[in-house]
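Single-structure report; data block below.
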Amino acid sequence: MTTTTLDTPSAKPLLDWYDRHHRDLPWRVSPGMAACGVHADPYRVWLSEVMLQQTTVQAVKPYFEKFLQRWPEVTDLAAAENDEVMAAWAGLGYYARARNLKKCAEVVAKEHGAVFPDTEEGLKSLPGIGDYTAAAVAAIAFNRQAAVMDGNVERVISRLYAIEAPLPGAKPLMKEKVALMTPAARPGDFAQAMMDLGATICTPKRPACSLCPFRGTCQALKLSDPELFPVKAAKKEKPVRHGAAFIAVTAEGEILLRRRGESGLLGGMTEVPTTAWTSRLDGETSVTAAPFDAAWQASGTVTHVFTHFELRLSIWRAAIARALDTNDGWWEPVTNLEAQALPTVMKKAIAAAIPLAFKTSRA
DNA sequence: AAATCGGGGAC
DNA sequence: GTCCCAGATTT
């Protein structure tokens, strides 16, 4: 329940703040351009927003530049090979985003004449575009008065109105508040301003309230403590899973790789052979589960934290004379690993067995 | 409504 | 270690 009946604050102070303090990001056009009828390219906005889902601006920047240079328009991405897209996405995480990105590009290219829908409803019907991304693209690229709400906006709104109801249940209430605040003029700048505010001023810890354009109206600042908002439901503890990974290398410098299934964890990505990842540390995590008979040598343990569990992989290494026939998978030159769709956990596993497998930035 | 789905930076 | 990041999809 809400503890306040704050009147809807004006968007004006926030837009004024944004005009002075906005961050210059690769997918943005300068603020105020919207007032002149110039908006960011829908393809770039969409690409950036999908990459930014649950991902920091800093992590996205190099991937955005790489994708835009390699696939400058949606038709280029639609025509790309799936494996190339997955390899380019490797390391960014949440790989269903990459699969849906490719599907979405194909739908836009083939069914919409390479033109993105310009409404929230039309955008949301596309793969990988949900409530947030549909509203963001509609507002930023098409100047639609759409209510954009991400984690930053949730935090700003929860503090501005001192909303005590916990997330995620309070989300509809918060979205009502955002919708009432969103202006007909410059809705895209307003959305980006709210997100910039949450990222730079209204931060989770130690917010810089003295610099905030809403410091005069924020109910949490006035009546309580902004750091206490938003209220969130308690989270579960992460279980630990165990497994073994096998790095086989031939005398010619080839490593055995496999393709993971198309759905689920790390779906469609490349891996080294591993056992199943189980809750118990037992025989399945040992060398007895190796893909073939060889002089397997223990090469330490790799720990990797996923969203909902922690994985501890026992690493086994074998040097063999030549490539063996295998039921699934292929032998890839170690010198070509950079071009593979290897998620971070698999790069860690390979690096544990072959320290020089990946170039380090160290001189 | 709850679970699934990566990785990394800030603290 | 904890938190959380311009969330979407499936169950």
Side-chain angles (χ1 to χ4, degrees), chain A residues 22-23 25-28 40 44-64 86 89-101 103-104 123-141 146-156 166-169 171-172 175 178 188-200 202-207 227 230 232-239 241 260-269 271 303-311 341-348:
Chain A
H22 82 282
R23 297 179 290 172
L25 301 174
W27 44 86
R28 280 186 176 168
R44 299 187 187 202
V45 176
W46 162 73
L47 178 61
S48 68
E49 293 299 347
V50 172
M51 288 183 167
L52 286 161
Q53 290 165 7
Q54 292 292 287
T55 308
T56 56
V57 167
Q58 179 175 340
V60 164
K61 277 182 182 175
Y63 284 86
F64 178 81
M86 298 309 290
W89 195 278
L92 198 54
Y94 282 166
Y95 298 98
R97 292 185 296 172
R99 300 194 298 269
N100 286 329
L101 188 84
K103 289 180 193 169
C104 183
L123 287 161
K124 203 185 165 186
S125 69
L126 297 169
I129 298 186
D131 289 335
Y132 163 76
T133 306
V137 175
I140 297 169
V148 177
M149 195 170 71
D150 73 328
N152 289 301
V153 179
E154 286 175 359
R155 186 168 55 255
V156 172
L167 287 170
K171 206 168 171 179
K175 184 146 185 174
V178 179
D189 283 348
F190 173 78
Q192 293 178 92
M194 287 286 278
M195 294 188 281
D196 269 19
L197 189 71
T200 63
C202 196
T203 50
K205 304 296 180 185
R206 297 174 57 85
E227 261 195 39
K232 293 192 174 182
K235 50 193 62 174
K236 296 173 37 177
E237 62 176 300
K238 282 183 184 177
R241 294 186 194 172
R260 291 178 64 87
E262 290 305 309
S263 64
L265 186 70
L266 308 179
M269 300 295 285
E271 66 173 3
T303 297
H304 189 78
V305 180
F306 291 98
T307 303
H308 57 292
F309 67 92
E310 175 182 324
L311 177 65
L342 288 165
T344 298
V345 62
M346 294 302 159
K347 288 187 176 178
K348 282 185 182 178

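The model shown is predicted, which means the values in this text are computed figures rather than measured ones. Side chains are part of it too, since the values below use all heavy atoms of this structure and drop only hydrogens, waters and symmetry mates. Residue numbers start from 1 in every chain, and the chains themselves are labelled A, B, ... in the order their sequence lines are given, proteins ahead of strands.
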With nearest nucleotide decided by heavy atoms, which residue, A:D196 or A:I129, maps closer to the 5′ end of DNA chain C?
A:D196
Ring centres of A:F306 and A:H304 under 6.0 Å apart?
yes
Determine whether A:R155 and A:D150 satisfy the following criterion, salt bridge (Lys or Arg N to Asp or Glu O under 4.0 Å), listing intermediate values before the conclusion.
CA-CA 9 Å; A:R155 186 168 55 255; A:D150 73 328; over 6 Å; no
Between C1' on C:dC3 and NZ on A:K232, what's the gap in Å once rounded to a whole number?
8 Å
What residue among A:Q53, A:M51, A:E49 forms side-chain contact (heavy atoms from CB on, under 4.5 Å) with A:V60?
A:M51
A:E154 has an atom CD; how far is it from atom C1' of C:dC4, in whole Å?
12 Å
Is the closest side-chain heavy-atom distance between A:L265 and A:R260 below 4.5 Å?
yes
A:L123 CG - C:dA8 P separation (whole Å)
12 Å
How many Å lie between CD on A:E237 and P on B:dA3, as a whole number?
13 Å
Sugar-phosphate means primed atoms, P, OP1 and OP2; the rest is base. With that split, encode nucleotides 5-11 of chain B 5' to 3' as B, S or - using protein heavy atoms under 4.0 Å.
BBBSS--
All side-chain contact (heavy atoms from CB on, under 4.5 Å) counterparts of A:R44, not counting sequence neighbours:
A:D41, A:F64, A:L68
Just N and O in the side chain of A:S48: are any of them under 4.0 Å from OP1 or OP2 of C:dA6?
no
Side-chain N,O (A:R99) to OP1/OP2 (C:dT9) below 4.0 Å:
no
Hey, does the side chain of A:K235 come within less than 4.0 Å of C:dC4's phosphate (OP1/OP2), counting only N and O?
yes
What is the nucleic acid contact for A:I140, judged by heavy atoms within less than 4.0 Å: base, sugar-phosphate only, or nothing?
nothing
Output yes when a side-chain donor or acceptor of A:K103 lies under 3.5 Å from a complementary backbone atom of A:A98, and no otherwise.
no
Please report the distance, rounded to the nearest Å, between CG in A:L167 and C1' in C:dG7.
13 Å
Please report the distance, rounded to the nearest Å, between CG in A:N152 and C1' in C:dG7.
12 Å
Please report the distance, rounded to the nearest Å, between CD in A:E262 and P in B:dT4.
21 Å
Starting at CG of A:D189 and ending at P of C:dA6, how long is that distance when rounded to a whole Å?
18 Å
Rounding to an integer number of angstrom, what distance separates C:dA8 and B:dG9 when you compare their C1' atoms?
23 Å
Answer with yes or no whether the side chains of A:R97 and A:T55 bring together a donor and an acceptor at under 3.5 Å.
yes
Write down the distance separating the P atoms in B:dC5 and C:dC4, rounded off to the nearest Å.
22 Å
P spacing across the pair C:dA6 / B:dC11, given as an integer number of angstrom:
14 Å
Just checking A:K348: does its NZ atom have more than 12 heavy atoms from other residues, nucleotides or ligands closer to it than 6.0 angstrom?
yes
When you match A:P230 and A:A134 each to their closest nucleotide on DNA chain C, which lands nearer the 5' end?
A:P230
Roughly how many Å apart are B:dG8 and C:dT9, using the P atom of each and rounding to a whole number?
24 Å
Reckon A:W27 touches a base, only the sugar-phosphate, or nothing at all at heavy-atom distances under 4.0 Å?
base
